[in-house]
Amino acid sequence: MHGRVKLKSTAQQEEEKRKEREKKLKIYLTSRDACFTKRKEGVLDEEVLLLTQQLLSSNPDFATLWNYRREILLHLETVRSEDEIQRLYEEELSFLEACLKVNPKSYGSWHHRGWVSTRLPRPDWARELSLCERCLSLDDRNFHCWDYRRMVVRVSGVPVDQELQFTDRLIGSNFSNYSSWHYRSTLLPLLHPGSPEAASPQREPPTSSACSSPSTSPQTHSHRVCEEQLLKEYELVQNAFFTDPNDQSAWFYYRWLLGRAEREEMISCVYVSREGERVVVAFSRPVNALSVGLLLVVDGQPQQVNWRSAHPRLRHSPMWICDLPPGTISDTSNEHNLTVHWTERHTHRDCALYTGRSESWCRDSATDLELFRSELSVEKSSVLQSELQSCTQLLELEPQNKWCLLTIILLMRALDPLGYEKETLAYFQTLKEVDSMRTSYYSDLCSKFMIENTILKMEYAEVRVFSLCEKNLSTLCHLDQLLLVTHINLSSNQLLGLPPQFAMLQCLEVLQADDNAIENLEGVYHLSKLEEVSLRNNNITQLSDLKILTTCPRLARLDLRGNPITQIANIQSQLAELLPSITELLL
Amino acid sequence: MAADNLPTEFDVVILGTGLSESVIAAACARVGQRVLHVDRRSYYAANWASFTFNGLLSWIDDNKQGGQSPEEVLDWSGKVESGEDILPLSTMDTSISNLEVFCYTSEEPEEDEEEKKEDATPISTLSPAPQSEGEEGNQATSPTDNRRNHEGETTLDILSESPPEQQDQEECAPLAEDQQILSSDGEPQGEEQLSGSAPTQAKKKKISYTKIVKEGRRFNIDLVSKLMYSRGLLVDLLIKSNVSRYAEFKNVSRILTYRQGKVEQVPCSRADVFGSKELTVVEKRMLMKFLTFCLDYEQHPEEYQDFTERSFWEFLQNNMLTENLQHFVLHSIAMVPRETHTEEGLRSTQHFLRSLGRYGNTPFLFPIYGLGEIPQCFCRMCAVFGGIYCLRHSVQCLVLDKESGRCKAVIDTCGQRISCSHFVVEDGYIREEQRKGVEHKHISRAVLITDGLLLQSESEQQISLVTVPPLEPGAPAVRLVELCSSTMTCMPGTYLVHLTCPSSGSAREDLQPVVSRLFTKPASAGEEGDGSDERPAVLWAVYFNMRDSTAADRSGYDLPGNVHVCSGPDAALGSDHSIRLAQEVFRQLAPHEEFCPPAPNPEDIVYDGDGGQGEGAGFSEAAQAEEGAAEEAEESKEKEASQESSPVEVGEMPDPPPAPLAEE
């Protein structure tokens, strides 16, 4: 008979493997120590290059060794001819390729490759691109490789359309790929820029005051895509989310497509109070007024003033306040012209305080700016309408899909926030049910939308009374928009506090916030006109919670019925002591 | 091994080298049984074999003559002792019938100048392939190689010597658990140069019969057409047993179907559905939703409860699927007839879907060089573990013990008595007398050589499965597998199309209607096609019926208990039946042994020869060569190891290459 096959026993194999491992470890540690010693000694020769190479090929994530290699290579650059350097770096690239095979997600290897590529006297970018392509074909979500590819593309000037086709291909093979979608979002505006006119929303000139607003458009268009291409993208991404509605990458991209550019930075409002001798400036985004070069000119005279934000905790704030030197505008028989310059942005806003008036303002109202539709772009509403139809169709098939529900809400807000209010609320209810892990997020988002809607209604009605009772509010936002509000009613919500931003309600006289769970009044800070505060049935427990009210000098009426604090002995006298201005205290 | 010098004692004698027999052979040898594996044919894999074009012509000739030699009546009394009986086996192969060959392309040499130039070189297909020159001496006589030998061509050991076609190794990858097989639609690089004057876009250029014959070696034409479900029993077994190291695979790249007179792509994977231009977004959702449900339909019995007694077709209609989606699911994904019961339809759909995405966007793999590779891979594993191979060698009769009724020994074609404890035999060797009136089914097969893809695409290299629903009520659905040249089964510029269906009549009766709808004939000389017909032309076609013996189970034969019959190929797309059968037989042969445990890494194998003449050493040399080969195929890396190892001549290894069929 012929030979029979026998197998080594498992123990035998294990023993062999163990010995092998031990040997390897010993070699590794010895070489590592040798490397460290040589680096201390400042050795920068090819021998060390070889030594570090051995170590790195078994462990490519050894940053110190990569650094050492760079030191050596930089040194060799100074002593070798260009051809030698070229050869040296090419070898380095082949070595790196081997390292990437060991660990295709090694930070060290990719970073070093980027460094080598830029040092190479005669780089071969085509080779680098094909390396990326191979790497991405193995793992299309390797973000290291995506980063490297973007670097290569940038340096070597690969045409944008070619890159777009590349993303087409990757999305085609697997659309669950954030990197590809994201890459598209950076390529499309370059390849198919949107024209500013087409995308500009039709709107009427501001009407709210005698002053003219700056003439520039409130939106910038640098990140937009032309409509024709946009429609194609809508189609592509719809194919993705109809195929797999639970894949978030497509929804994220869709949000980007529907989204809009950032608002232009501008002064959105200037408010002057004659009585308080105070100027309040609101910006389109939070700024630090102390560092942006804000200049107040009253009747042609630049004023030396100190800007402060509405609350000391807000270092970046959309609203800044200054007190004028006493007597500057206090005489009601005088008319004053104020201008606030934002020198850094070369923009300004005027405001006139007429004779006999105690206050004045100049601003763009929320309705003018379509401010709250801006979560989504204001492309043609017919486009949005048809997108809404598609999503509604999908929802019929997938009534539980949270991405679809959320997108429908956003589309409805973009189209007609007030008209769709009822549907929006119903969808929020469904969302909370199907995605209970994010109930609080949806509550906050819904609160935000309800506040926006109420602001819009208030603006249309041109009143300064703001009522948001029984709206299930869990949070407050857009408080900078409420600068001019004198009466606010937040009763019967789920608020836990009045945040620092609440201090932006600079004109507030009456605050009603009954039947919430408020335990924190942080934002009731320096509200100089506040006279009446009603906090029935909340969660105020200690005297210290109310200490902040001492900053509101005109506070005369305070209702604390139904709060735990009323159980404290002697509370009435303690409160009288704390807040002497109060004439009517309800406990 | 010299057939007249075989050992006289084995644990298992296996007759027939089809898939089941080969798997059993590998499984037995793997657990240390002594295996003799023989086949009366001159090639491996029996009716699972692949042939070069010229090899197929020889096969056709043989089968037209009506099988092998007539039954001889011999006297074996000299070999038999008292108390023993003789049970003769059949020497006729009657599994193939209704063979018909059609050639539609010009048999004249082309009057093309370039063509002429090429024709100047000897047309003989027997001359060594240019790329294999100098490699002749380097052949390993392992089973996998022998198939290519029966043409009398130079041995091309695909494993230890990578032919130029394989140099673009990126395209081929070994089969490993969940490893991504690289795209099968890669450009046919390398082939371009090889094909000489024939550019790959030779679609409009006529390919003559002469050319096909001349390039005949480039064909590997399977007798059965099957694909491997990525999560089917065969793939699992290949992985589990490490036999996968002997072969390479490509992904089937498209699933097509014939609907409303047109060939169209079936969106079955997520990427397909996403990319489909034909489906509306709502259809996409409906399809994805339905397929997602099928993936774990057992978890949602409420969805199909009302349909358990009704057909899958009704169930589909009730599921808000549009007409085209119903077609896709029924014919191309479940691949079942309309009347199939709902649960079976769901099971088939699930099987398809579970195989999706393991290696690519379709559920199927196809072995490079053809399906005939697979049985050979198992034979090779068997040989590595000591199995002995003899082709053109058969068993004439069984020696039965009268008392126990068991098979004690066999008498081979040389008249030698070989004792064994088990005998495994392919159904085709069983005489009619031993059959208990089992009605055999038949498979209708056609093989076409065509000049273009059924559905054009960006890449010319596509491997497509095409499902054609019954053209008339009651007719069977026909399955087409269209192979491109990168599968190494046809010459560049041509496509190999396999048609399969369960027979109701002769193969031509069953399949011709489909062929004439999907294909044209090449425009004859002078008659230029006006280009309106985009259908590819058939250059050459063969039709035949193959017996499907899978209906017979153990009770269908009047045979001793230790004689195990393996059926030939069935009509199904996958090979699960054959693997399951092999597993059952193995369980009877070795009830307490594991079925095909992972083969150890070559470095963990020690060979201790017990015979003289340094056989052991020779064997270990062989093993090293194989190791090198396997590694190369798998990792497509340096060749040093395998090239350094000298040509392997192993005394106890399988037969030297058999003489070419054509010359016999």
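Below, chains carry the letters A, B, ... as their sequence lines are ordered, and counting in each starts from 1.
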Can you check whether anything in residues 270-279 of chain B gets within less than 4.5 Å of chain A, heavy-atom wise, and list it by number? B:R270, B:A271, B:V273, B:F274

Mind jotting down which residue pairs meet the salt bridge (charged side-chain N to carboxylate O under 4.0 Å, His left out) criterion with at least one end in residues 286-295 of chain B? Sequence neighbours excluded, please. A:E398-B:K289

Residue part contacting chain B, namely of A:N246, when any heavy atom lies under 4.5 Å: neither

Heavy-atom contact with chain B under 4.5 Å, split by part of A:S176: both

Sorted by chain and number, sequence neighbours left out, side-chain contact (heavy atoms from CB on, under 4.5 Å) with B:A25 holds for B:I14, B:V35, B:H37, B:C382, B:Y389

One thing to verify: whether A:R18 and A:E22 come together as a salt bridge, which I'm taking to mean a side-chain N less than 4.0 angstrom from a carboxylate O. yes

We want to know whether A:E433 and A:Q400 form a side-chain donor-acceptor pair, criterion being a heavy-atom distance below 3.5 angstrom. no

With chain B as the partner, which of A:D244, A:I171, A:L397 has the greatest number of non-hydrogen pairs under 4.5 Å? A:L397

Give the ring-plane orientation class for A:F241 versus A:W251, where under 30° counts as parallel, over 60° as perpendicular and anything between as tilted. parallel

Tell me, for A:L394 versus chain B, whether the close heavy atoms (under 4.5 Å) come from the side chain, the backbone, both or neither. side chain

Of all pairs that satisfy salt bridge (charged side-chain N to carboxylate O under 4.0 Å, His left out), the ones with a partner from residues 230-240 of chain A, not counting sequence neighbours: A:R184-A:E233

Show, in sequence, the C-alpha distance, side-chain angles and deciding distance for A:W403 and A:F252, and conclude whether the ring-ring contact (aromatic ring centres under 6.0 Å, His included) test is met. CA-CA 9 Å; A:W403 295 103; A:F252 282 173; 5.4 Å; yes

Could you check whether any side-chain N or O of A:Q229 sits under 3.5 Å from a backbone N or O of A:L188, counting only pairs where one atom can act as donor and the other as acceptor? no

